[in-house]
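Report on one structure; see the data block that follows.
Order of appearance sets the numbers: ligands from 1, and atoms from 1 within every ligand.
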Amino acid sequence: MSDKAMLEVKNLTKHFKAGRGQVVHAVDNVSFTLEKGKTLGLVGESGCGKSSCARTIIRIYDPTDGQILLDGQDITHMKQRELKPYRRKMQMIFQDPYASLNARMTVRDIIAEPLLAHGIVKKKDQANEYVYPMLERVGLTKEHANRYAHEFSGGQRQRVGIARALVLQPELVICDEPISALDVSIQAQVINLLKDFQEEKGLSYLFIAHDLSMVRYVSDDVGVMYLGQLVEVCEADEIYRNPLHPYTRGLLGSIPIANPRLAREKEKSSIEGDIPSPIDPPSGCRFHTRCPYAKPICSEQAPQLKDVGGGHMTACHLY
Ligand code: SF4
C-alpha cells in the first residue's frame, strides 16, 4: 500500500440475510484507493450500495469479505475495542442531520459526546474549550450551544453534524449525501465549509451522492456504483469529459442542462427502467437489463473493472 493512501478498499463485499434464505448483495467486490487530502466521490442511484459500502468501511457493518486498510492499518476484522482509536481517525457526516442528531440533547452535549467517549475530556464542562471554537468554525456561535436540534434550520443542523464529526480531528470523513436534504441555496455553503476544512486540515473525504452534478466541485476522483459494484473510476474531470460506461453516460444524461441541442443528445443516453433487486441481481453485467448497447456476452460474462488508459477504469465489454 502506498503511504499516500488514506483508505484502501480491496474486494469489499457486504451481503445481508433477507427472509426465506435469500441474500441481499448490497456490495460486491468493490476496490478503490483514496489518497490523503483528496476526495473520492461515490455516485449511483438509490439502492446501488454506496451507503452500505460507506457503513461497512466505517465498520458500522461487518464486512462479508474483502479488506479495509485505514492509513495502512488493516481494520477489516478488528473487534470494537481494538477499533476505538481508529474510529477517532474516521468520522461520518449523515444525510439527514435531523434524524442523526439526538433530539433530547443540547448542541453542546451532542458535540461533547464523542470527546467524552474517546477520553479527550473527562467531564462535560471541560468540553466547552472544544465545543465553542468548533461552533464558531462551522458558522454558529456559542449561544447556540444550549439549544436543541429542532430549533435550527436544515443547514444549521448539518453544521452541527459537521462540528460533531470534526471535533475529534479525524483524518478521513465519510460524507453520506451530506447536502441531499438541504435547499439548493444552502448546499453550496455546506460544500464550501467542507472544502475549507479539507484545505486547513488535509482531510480525506469519501463523498457519497446520488448524482454526478453533486460531486463535480468537490471530487478529485469519482467512482460510479451500480447494483453493488463499481463500474467506472477515474479522475473527476475525465468522467465528465469522457464517460465510458453506458451507466455513467446515463447518469450524466439525467443532469439537467440549459443548451437544447446538448439536452437532446443527453436525452438519448438516459437510463430507462428501474434498478433490479439486489436479492437476485442479473447475471453477467448487472446493467445488461437496462443497457442500450447490451450484446449476448453481456448477460453471460461479468466484465472486470480494468484500466482502459491513463488510469481510467471501467467494467464493460465494449472496452
Ligand atoms: Fe452494456 Fe454490456 Fe457494457 Fe454491460 S458490459 S454496460 S451490458 S455493453
Return the closest protein heavy atom for [atom] as residue, atom name and distance.
atom: atom 1 (Fe) of ligand 1; result: C291 SG, 2.3 Å
atom: atom 3 (Fe) of ligand 1; result: C316 SG, 2.3 Å
atom: atom 5 (S) of ligand 1; result: H317 N, 3.2 Å

_NZ or CZ of R59 within 45° of Y86 ring axis and under 6.0 Å_ =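 No, R59 does not lie over the aromatic ring of Y86.
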
*Looking only at heavy atoms, which two atoms of Y61 and S52 are closest? And how far apart?*
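Nearest pair, atom of Y61 first, then S52: CD1-O, 4.0 Å.
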
*Short question: side chain of Q22, backbone of A18 - any donor-acceptor pair under 3.5 Å?*
no

_Testing the 3.5 Å rule here: is there a donor-acceptor pair between the side chains of D62 and H77?_
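No, H77 and D62 have no side-chain donor paired with an acceptor closer than 3.5 Å.
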
*asked:* We want to know whether Y130 and Q169 form a side-chain donor-acceptor pair, criterion being a heavy-atom distance below 3.5 angstrom.
replied: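 Absent: no donor and acceptor within the cut-off.
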
For [X], atoms of ligand 1 separated by under 4.0 Å from a heavy atom:
X: H245; answer: 6 (S)
X: C285; answer: 4 (Fe), 5 (S), 6 (S), 7 (S)
X: C298; answer: 2 (Fe), 5 (S), 7 (S), 8 (S)

*asked:* Can you tell whether the side chains of D176 and K50 come within less than 4.0 Å, N to carboxylate O?
replied: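 A salt bridge is absent here (no side-chain N lies under 4.0 Å from a carboxylate O).
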
*Of all the atoms in H288, is at least one N, O or S atom closer to atom 4 (Fe) of ligand 1 than 2.8 Å?*
no

*Between P246 and ligand 1, which residue portion shows a heavy-atom distance shorter than 4.0 Å: side chain, backbone, both, or neither?*
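The answer is the side chain of P246.
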
